[in-house]
Amino acid sequence: MTFHSDKPIYLQMADRLCDEILAGTYKDDDRIPSVREYAVMLEVNTNTAVKTYDELARANIIYNKRGLGYFVTSGARERICDERRRLFKEQQLPELFRQMQLLGLDISDVVYTWTHLQKHKDC
């Protein structure tokens, strides 16, 4: 995984695991890789992975079954979607609309571009 400097690594790892839950790689009550396995997989220090799992457990996305590992909390996918929608509306949309205004784009330009990209995404 390539990490970016704009966000702590443990949060980028948490985002990745949430992406995997959203994509259906892990479903409710599925076991996820152990802290050590995830650290090795992403080539990070185990302490960073521990911090990631602690963060996700605090957010009620995963839970620990002592001696068995970590599992996806029931309803985690919906919680992730709700939070990401909220953040998108509060953080990304205002900047998108600001850029559109500066560039003289309207919503029809965006819809046209999106539609065109969707038709050609398998190319």
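Remember, it's a predicted structure, so these values are computed and weren't measured experimentally.
- Here F3 contributes atom CZ and E43 contributes atom CD; the two are 8.5 Å apart, rounded to the nearest 0.5 Å.
- No side-chain donor-acceptor contact under 3.5 Å links R31 to the backbone of G69.
- If you chain together hydrophobic residues whose side chains sit under 4.5 Å apart, Y112 and W114 never meet in one group.
- Shortest non-hydrogen contact noted between A39 and T46 is CB-CA, 3.8 Å.
- How far OG1 of T52 is from OH of Y70: 10.5 Å, rounded to the nearest 0.5 Å.
- The distance from atom CD1 of I9 to atom CG of N45, rounded to the nearest 0.5 Å, is 10.0 Å.
- A pairwise comparison of heavy atoms in M41 and P33 identifies CE-CG, 3.8 Å as the closest pair.
- Of the possible polar contacts, one joining the S34 side chain to the E37 backbone as a donor-acceptor pair under 3.5 Å is found.
- At distances below 3.5 Å, not a single donor-acceptor pair connects side-chain atoms of D82 with backbone N or O atoms of R85.
- Under the 4.5 Å side-chain heavy-atom criterion for Ile, Leu, Val, Met, Phe, Trp and Tyr, Y10 and I32 are members of distinct hydrophobic clusters.
- The distance from atom CZ of F97 to atom CG of L105, rounded to the nearest 0.5 Å, is 12.0 Å.
- Clustering ILVMFWY residues whenever any of their side-chain heavy atoms sit less than 4.5 angstrom apart, transitively, puts I62 in the very cluster that holds L22.
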Verdict with supporting geometry, D19 and R84, salt bridge (charged side-chain N to carboxylate O under 4.0 Å, His left out): CA-CA 11 Å; D19 288 348; R84 288 197 175 177; 2.5 Å; yes

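- To the nearest 0.5 angstrom, L42 atom CG is 9.0 Å from L17 atom CG.
- In this structure, L56 CG and K51 NZ are separated by 13.0 Å, a value rounded to the nearest 0.5 Å.
- Minimum interatomic distance between M13 and T48 (heavy atoms only, all atoms of both residues): SD-CG2, 3.7 Å.
- Residue C18 comes nearest to I61 through the heavy atom pair SG-CG2, 4.4 Å, listed as atom of the first residue, atom of the second, then distance.
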Side chain to side chain contact (heavy atoms under 4.5 Å, CB included) evaluation trace for Y63 with D29: CA-CA 9 Å; Y63 65 95; D29 297 310; 2.8 Å; yes

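- Side-chain atoms of K27 come within 3.5 Å of backbone atoms of G24 as a donor-acceptor pair (strictly under, hydrogens ignored).
- A single hydrophobic cluster is not seen to contain both V50 and F71; linkage of ILVMFWY side chains at heavy-atom distances under 4.5 Å, directly or through other members, places them apart.
- Legend: residues meeting side chain to side chain contact (heavy atoms under 4.5 Å, CB included) with K7, ordered by chain and number and at least two apart, are L11, Q12, D15.
- With sequence neighbours excluded, the residues satisfying side chain to side chain contact (heavy atoms under 4.5 Å, CB included) with T25 are E20, A23.
- Grouping the Ile, Leu, Val, Met, Phe, Trp and Tyr side chains by contacts below 4.5 angstrom, directly or via other members, places L102 apart from L96.
- Here the shortest heavy-atom pairing between D109 and G104 reads OD2-O, 4.3 Å.
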side-chain hydrogen bond (donor to acceptor under 3.5 Å, both in side chains) evaluation trace for Q99 with E95: CA-CA 6 Å; Q99 288 295 323; E95 177 59 19; 3.0 Å; yes

